[in-house]
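Written below as C-alpha cells is the structure these notes are about.
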Amino acid sequence: MYLTREVLASLLMTVLVFTFVLLLANALKEILPFLVSGQVSFPVVTQAIGLLVPWVWVFALPMGMLTATLLIFGRFSADQELTAVRASGISLVALSAPVLMLSLVLCGVSAAINMEVGPRCRVAYTRLWGRIRAELSSVLLPERQYIKDFPGYIFYVDRNRGGNLENVLIFTLENGTNETQTVRAPRGTMAVDAARHELTLKLFNAKLITLNGDREFVGASEVLTLQVPLESQKKTVEAKIDDMTFPQLSAELRDLEQRLRLPVSLKQLTREEARARNKEWERRRQDLAPIIFQMHRQVAFSFACFGFTLLGIPLGIRVHRRETNVGIAIALVLVAVYYSFILVGQALDSRPEYFPHLLVWAPNFLFQGLGAVMLWKANRG
C-alpha cells in the first residue's frame with residue numbers, strides 16, 4: 001500500500017505538469033493574445049481552458065502514469081528498498097499488483113475520456129471559440145491589414161474601435177482574382193450575426209468605382225449596406241471525425257455503410273459491370289476507413305496506461321536511478337515511440353489496404369508483451 005500511495009501521489013503531480021504543458025502548447029497560444037488585449041474576459045478564458053482539460057487528459061494520463069511508475073520504482077530500487085522487501089519474502093509481482101490494478105482503473109477512466117467526454121469537450125471548445133471569433137470585430141477586420149479571408153472580397157480598415165470603422169477600403173473580386181469594384185468610405189460600422197453567420201457592414205458617404213471591361217463607372221452612396229457570409233465560421237462549429245464520440249462514430253459508420261451498400265446483386269450483372277461495380281465499391285470503401293481508424297484509436301488508446309505501467313515497473317528497477325530528470329527523459333522517449341505508431345496509422349487512415357486501424361494496436365501489444373517479459377525476469381532476479 002505504501003508503494004501504491006507513492007505512485008498515486010506522483011501520478012497526480014505528473015498529470016498536473018503534463019496537463020499544464022499540453023494546455024500551454026495547444027490553448028494558451030490561441031487564447032492568451034485575446035486575454036492580454038482585453039478582447040475576451042477572464043471567465044470566458046477559464047471556460048475555454050476547462051473545456052480543453054478533458055481533451056488534454058487523453059494524453060496526460062498515460063504519460064503521467066508512465067513517468068510516475070519510472071520515478072517511484074527507480075527510486076525504490078536505488079534506495080535498496082526492493083532488496084529489503086524481497087528479503088522479507090514478498091515477490092515483485094505481489095508488490096506490483098496494486099499498481100497494475102491502479103493502471104487498469106485508469107484505463108477505464110481513459111476510455112470514458114477518449115470515447116465520450118474528451119470529444120464532446122473538444123467540440124464545445126471549438127464552438128465556443130468560433131462564437132467568440134464571430135463576435136470579435138477586431139478579429140474579423142484587424143486594423144491596417146489586408147484581409148483576404150472572405151471569398152470574393154479584400155478588406156482594409158485603418159481603425160476598428162469596437163465595430164466603428166474608419167477609412168474603409170473594399171475590393172470586390174470575380175473568380176477570386178479579377179477586381180470588379182472598389183469601395184472607399186471614411187467611416188462605417190460592422191455587426192456580426194452569429195446565428196446567420198453573416199458580417200454586416202454599413203458604410204457612410206461611400207464612393208464606388210465599378211469596372212466593366214475597359215470602362216470605369218464612378219458612383220456614391222450615403223449609406224451602403226454590405227452583407228458578407230462567414231463561411232469560415234460555419235466550418236468551425238461542425239464536428240469532425242476526430243472530434244466525434246464513439247457512439248457518434250458508430251452511428252456514422254452504420255449510416256455510411258447503408259448508403260454505400262450495393263443495391264444490385266453481382267449475379268445479375270455482366271462480368272464487366274461486376275468488375276466496374278467492385279471498383280466503385282472499393283473506392284467508396286475508402287470513405288469508411290477514417291471512421292474505422294478513429295474508433296479503433298479511441299479504444300486502443302484507452303489501454304495505454306496499462307502498457308506503460310507494465311513496462312515502466314521493470315524498466316524503472318533496471319535503470320536503478322533516483323534522479324527525476326532521468327525518469328522523465330525515459331518516459332518521453334517511450335511516449336514518442338508509442339505515439340509514432342498512432343501518427344503513422346493516422347497518416348494512412350484513408351488507405352484501408354494497409355490496415356491502419358490495426359496499426360494503432362501494435363504499441364499496446366509491444367509494450368505489454370515486452371513489459372510482461374521484463375517483469376517476469378525481474379521477479380526471478
Side-chain angles (χ1 to χ4, degrees), residues 1-19 57-114 299-339 341 361-381:
M1 292 299 295
Y2 163 76
L3 196 59
T4 306
R5 287 197 300 269
E6 289 292 319
V7 171
L8 185 58
S10 181
L11 171 66
L12 294 176
M13 183 62 65
T14 52
V15 167
L16 287 176
V17 171
F18 284 124
T19 299
W57 278 350
V58 171
F59 308 94
L61 279 178
M63 295 169 63
M65 190 62 191
L66 174 61
T67 306
T69 305
L70 288 169
L71 293 177
I72 297 303
F73 277 88
R75 188 180 304 125
F76 192 75
S77 176
D79 293 341
Q80 304 300 323
E81 294 183 70
L82 180 60
T83 304
V85 169
R86 281 175 170 171
S88 63
I90 301 177
S91 66
L92 179 60
V93 173
L95 187 68
S96 305
V99 179
L100 293 174
M101 290 299 297
L102 175 63
S103 70
L104 290 176
V105 172
L106 287 179
C107 286
V109 175
S110 297
I113 295 175
N114 294 342
V299 178
F301 219 38
S302 303
F303 292 93
C305 288
F306 181 69
F308 280 155
T309 304
L310 197 58
L311 182 61
I313 292 174
L315 192 58
I317 294 174
R318 176 167 296 189
V319 172
H320 198 72
R321 300 290 294 271
R322 301 183 74 257
E323 293 84 352
T324 302
N325 55 352
V326 175
I328 294 178
I330 296 174
L332 292 177
V333 171
L334 292 177
V335 167
V337 173
Y338 186 96
Y339 290 133
F341 286 89
W361 290 96
N364 283 333
F365 294 134
L366 177 63
F367 279 46
Q368 291 175 16
L370 185 61
V373 172
M374 293 180 63
L375 184 62
W376 175 70
K377 290 184 177 180
N379 184 65
R380 292 186 59 186

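Both backbone and side-chain heavy atoms feed into the values below; hydrogens, waters and symmetry mates do not.
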Measure the spacing between [atom1] of [X] and [atom2] of [Y] and express it to the nearest 0.5 Å.
X	Y	atom1	atom2	answer
L375	L100	CG	CG	7.0 Å
F341	L366	CZ	CG	5.5 Å
F59	N114	CZ	CG	8.5 Å
E81	L95	CD	CG	10.0 Å
F301	L61	CZ	CG	10.5 Å

Search all heavy atoms of [X] against all heavy atoms of [Y] and return the closest pair with its distance.
X	Y	result
C305	L106	SG-CB, 4.0 Å
L311	M374	CD1-SD, 3.7 Å
L92	A378	CD2-CB, 3.5 Å
G371	P314	O-CG, 3.9 Å
T309	S103	OG1-CB, 3.3 Å
M63	V335	CG-CG2, 3.8 Å

Quiz item: Considering only heavy atoms from C-beta outward, does the side chain of M65 approach that of V15 to under 4.5 Å?
Solution: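 No; the side chains remain at least 4.5 Å from each other.
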
Quiz prompt | Check: T4 and M101 side chains under 4.5 Å, non-hydrogen atoms | solution = no

Quiz prompt | All side chain to side chain contact (heavy atoms under 4.5 Å, CB included) counterparts of V105, not counting sequence neighbours | solution = none

Quiz item: Are the side chain of T14 and the backbone N or O of L11 linked by a donor-acceptor pair below 3.5 Å?
Solution: yes

Quiz item: Counting distance only, does the side-chain N/O of N364 pair as donor-acceptor with the main-chain N or O of A300 below 3.5 Å?
Solution: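 At least one qualifying donor-acceptor pair exists.
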
Practice problem: Take L334 and L315, measure what side chain to side chain contact (heavy atoms under 4.5 Å, CB included) needs, and give me the verdict at the end. | Solution: CA-CA 11 Å; L334 292 177; L315 192 58; 3.6 Å; yes

Self-check item: Non-neighbouring partners of F367 that pass ring pair (Phe, Tyr, Trp, His ring centres under 6.0 Å), sequence neighbours left out
Solution: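 By the ring pair (Phe, Tyr, Trp, His ring centres under 6.0 Å) rule, F367 matches F308, Y338.
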
Self-check item: Residue that, paired with L70, satisfies side chain to side chain contact (heavy atoms under 4.5 Å, CB included) out of I313, I317, I330
Solution: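 Exactly one candidate clears the test, I330.
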
Exercise. Can you label the angle between the W361 ring and the F303 ring as parallel, tilted or perpendicular, going by 30° and 60°?
Key: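 Answer is tilted, since the angle falls between 30° and 60°.
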
